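We name chains A, B, ... by the order of the sequence lines, and we start the count at 1 in each one. These numbers were taken from a predicted model, which means no experiment stands behind them.
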Protein chains: 2
Amino acid sequence: MASVDAKSHENVSKEMDTLRTLMKKKGLKSTSQRDELARWIFETHNHFTVEDIIADFRNKGQRVSVATAYRVVQMMLDLGLLLEHDFGRGIKHYEHTPGHPHHDHIICNDCGKIVEFAEPELESMKEKVAIKHGYKMDTHTLCIYAECTKCTKEEKEKNKKKFAVL
Amino acid sequence: MASVDAKSHENVSKEMDTLRTLMKKKGLKSTSQRDELARWIFETHNHFTVEDIIADFRNKGQRVSVATAYRVVQMMLDLGLLLEHDFGRGIKHYEHTPGHPHHDHIICNDCGKIVEFAEPELESMKEKVAIKHGYKMDTHTLCIYAECTKCTKEEKEKNKKKFAVL
DNA sequence: GTATGTGCAAAACGTTTGCAAGTTC
DNA sequence: GAACTTGCAAACGTTTTGCACATAC
């Protein structure tokens, strides 16, 4: 579910610095667990769940505490380095923000695959709509549920119930 | 959280008929529990949670089984009479579809209030974007998280953690 | 040395399910 | 009376929390 992009390793240390600066500013302590988890998150350029983190660490033979993983994710959320998505299946998905400008998502109703897209025209229209209704837009999330062309019949059948979500 | 709009009682029986027709078509049996729950849902013109249903019935001194409430909601979802939303707090929100054309939502980051709006221009742009990316749009949900002007400072503080959601 | 973070296991949360009893068609 | 629905309580999967111990500053 989550993978590491080798080309971007150079950026990770920059992002780690940002994190440490923010943490210091808030009086949060730097620990090896936080470092390792944050590095994993910055190295991961797809959406991931907390379970993905745990699984990946376990696969590599490293131990992680579930509680700590959740706590680090919450901390980074608070520091604005992470975005939280609820794609409608009761599981929270995350993605790190540094180096990832705003985008929206198309989710396949059958296989659950998530595709990102950025559409500047849509963005400005959203802004306009918020203002029109008397709000100052903070964040926003547009999820388009659709059918992806690569879904097999079996996948469609299997997931029919599970994904009956708007 | 949910209220009954007296003016629309006339429509409720029409919608109950639709439901019964659909149920018959699928071989689903009509029971008093299903009737009462469905009527509540059709009478409720805001977003509601299953907990809202239970609470409202209990307040009126009527008993509902949690399991049955969940099952009726699932049934109506399957019949296409209900829409499910995940506004990002791990609780599912529903709204009935008859008489409610597609719309999007602005959610206050502080008090959690949900406002609906319909924007035809946005709709058609979403459709275009999906096609452009090779998808046939099924459903879609745009949530704009913003700050509502009526939020008090205390509410903001109280909910700061809880609603740190994209 | 004090404040903060960790890890475990237990609790909490909303939701689903197995099963025996009851109801509908 | 066969098939379906109900209600309970137990199970579920994800997330949070209380607490004793360990660590950072």
Side-chain angles (χ1 to χ4, degrees), chain A residues 1 19-38 47-55 57-58 62-79 82 84-94 112 159-165, chain B residues 1 19-38 47-55 57-58 62-79 82 84-94 112 159-165:
Chain A
M1 203 104 225
L19 171 63
R20 275 190 276 259
T21 306
L22 286 168
M23 283 172 66
K24 201 162 282 175
K25 202 179 286 177
K26 292 233 179 187
L28 297 162
K29 288 176 180 168
S30 176
T31 67
S32 61
Q33 290 93 327
R34 285 179 171 175
D35 262 42
E36 278 170 42
L37 286 162
H47 299 86
F48 60 89
T49 64
V50 173
E51 235 205 300
D52 290 332
I53 305 180
I54 313 280
F57 272 78
R58 297 244 161 106
Q62 291 177 261
R63 63 184 57 185
V64 235
S65 157
V66 183
T68 303
Y70 276 102
R71 287 193 271 232
V72 168
V73 162
Q74 187 57 59
M75 177 188 76
M76 291 178 69
L77 221 39
D78 289 344
L79 295 176
L82 227 48
E84 186 180 84
H85 296 285
D86 224 311
F87 292 131
R89 337 215 178 299
I91 303 167
K92 285 175 184 159
H93 289 248
Y94 301 91
N159 295 321
K160 193 165 269 178
K161 256 96 221 279
K162 208 167 172 189
F163 296 162
V165 175
Chain B
M1 203 103 224
L19 172 64
R20 276 189 275 257
T21 307
L22 286 168
M23 283 172 65
K24 201 162 285 176
K25 201 178 288 177
K26 292 233 178 190
L28 296 163
K29 288 177 180 169
S30 175
T31 68
S32 62
Q33 291 93 326
R34 284 180 170 174
D35 263 43
E36 279 170 43
L37 286 162
H47 299 86
F48 60 89
T49 64
V50 174
E51 233 205 301
D52 290 333
I53 306 180
I54 312 279
F57 273 78
R58 298 243 161 106
Q62 291 176 261
R63 63 185 56 188
V64 235
S65 156
V66 184
T68 303
Y70 277 102
R71 286 194 270 233
V72 168
V73 162
Q74 187 57 58
M75 178 188 75
M76 290 178 70
L77 220 39
D78 289 344
L79 296 176
L82 227 48
E84 184 179 85
H85 296 284
D86 223 312
F87 292 131
R89 335 215 177 302
I91 303 166
K92 284 175 185 159
H93 289 249
Y94 301 91
N159 295 321
K160 192 165 272 180
K161 257 95 220 283
K162 211 169 170 187
F163 294 162
V165 175

Q | side-chain hydrogen bond (donor to acceptor under 3.5 Å, both in side chains) involving B:E36 - partner list, sequence neighbours excluded | A |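 Partners of B:E36 under the side-chain hydrogen bond (donor to acceptor under 3.5 Å, both in side chains) test: B:Q62.
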In this structure, how many angstroms lie between the [atom2] atom of [N] and the [atom1] atom of [X], rounded?
{"X": "B:M23", "N": "D:dA3", "atom1": "CE", "atom2": "P", "answer": "19 Å"}
{"X": "B:K24", "N": "D:dT5", "atom1": "NZ", "atom2": "P", "answer": "14 Å"}
{"X": "B:K26", "N": "D:dC4", "atom1": "NZ", "atom2": "P", "answer": "14 Å"}
{"X": "B:R58", "N": "D:dG7", "atom1": "CZ", "atom2": "P", "answer": "11 Å"}
{"X": "A:H85", "N": "D:dT14", "atom1": "NE2", "atom2": "P", "answer": "19 Å"}

Q) Among all residues two or more places apart in sequence or in another chain, which pass the side-chain contact (heavy atoms from CB on, under 4.5 Å) test with A:S65? A)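 A:S65 satisfies side-chain contact (heavy atoms from CB on, under 4.5 Å) with A:A67, A:T68 only.
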Q) Reading nucleotides 16-25 of chain D from the 5' end, what letters show protein touch, with B for base, S for backbone sugar-phosphate only, - for no heavy atom under 4.0 Å? A) BBB-----BS
Rounded to the nearest 0.5 Å, how far does [atom2] of [Y] lie from [atom1] of [X]?
{"X": "A:H47", "Y": "A:Y94", "atom1": "NE2", "atom2": "OH", "result": "12.5 Å"}
{"X": "B:L79", "Y": "B:Q74", "atom1": "CG", "atom2": "CD", "result": "10.0 Å"}
{"X": "B:L77", "Y": "B:K92", "atom1": "CG", "atom2": "NZ", "result": "8.5 Å"}
{"X": "A:L37", "Y": "A:R71", "atom1": "CG", "atom2": "CZ", "result": "11.5 Å"}

Q: Enter the inter-axis angle for the ends of the helix from C:dG1-D:dC25 to C:dC25-D:dG1 (five pairs per end, rounded to 10°).
A: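 Its terminal axes enclose an angle near 30°.
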**Q.** DNA chain C: 5'-most and 3'-most nucleotides touching chain A, 4.0 angstrom heavy-atom criterion
**A.**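 With heavy atoms of chain A under 4.0 Å away, the range is C:dA3 to C:dC8.
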Q) Taking it one step at a time, do A:R20 and A:D35 satisfy side chain to side chain contact (heavy atoms under 4.5 Å, CB included)? A) CA-CA 9 Å; A:R20 275 190 276 259; A:D35 262 42; 2.9 Å; yes
Report, one line per pair, each donor and acceptor closer than 3.5 Å where one atom sits in a side chain of residues 25-33 of chain A; sequence neighbours left out.
unit_1 : atom_1 : unit_2 : atom_2 : d
A:T31  : OG1    : A:R34  : N      : 3.2

Q.
Less than 4.5 Å apart, side chain to side chain, heavy atoms only: is that true for A:I53 and A:V73?
A.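 Yes, their side chains come closer than 4.5 Å.
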Q) Would you find a donor on one side and an acceptor on the other, under 3.5 Å apart, between the side chain of A:R58 and the backbone of A:V64? A)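 Indeed, once roles are kept as given, a pair shorter than 3.5 Å links the two residues.
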Q: Check for a donor-acceptor pair, side chain of A:D52 on one end and backbone N or O of A:T49 on the other, with a separation under 3.5 Å.
A: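 Between the backbone of A:T49 and the side chain of A:D52 there is a qualifying donor-acceptor contact (under 3.5 Å).
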Q: May I ask you to verify if any side-chain N or O of B:R34 is less than 4.0 angstrom from the OP1 or OP2 atom of D:dT6?
A: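 True: B:R34 side-chain N/O within range (under 4.0 Å) of D:dT6 OP1/OP2.
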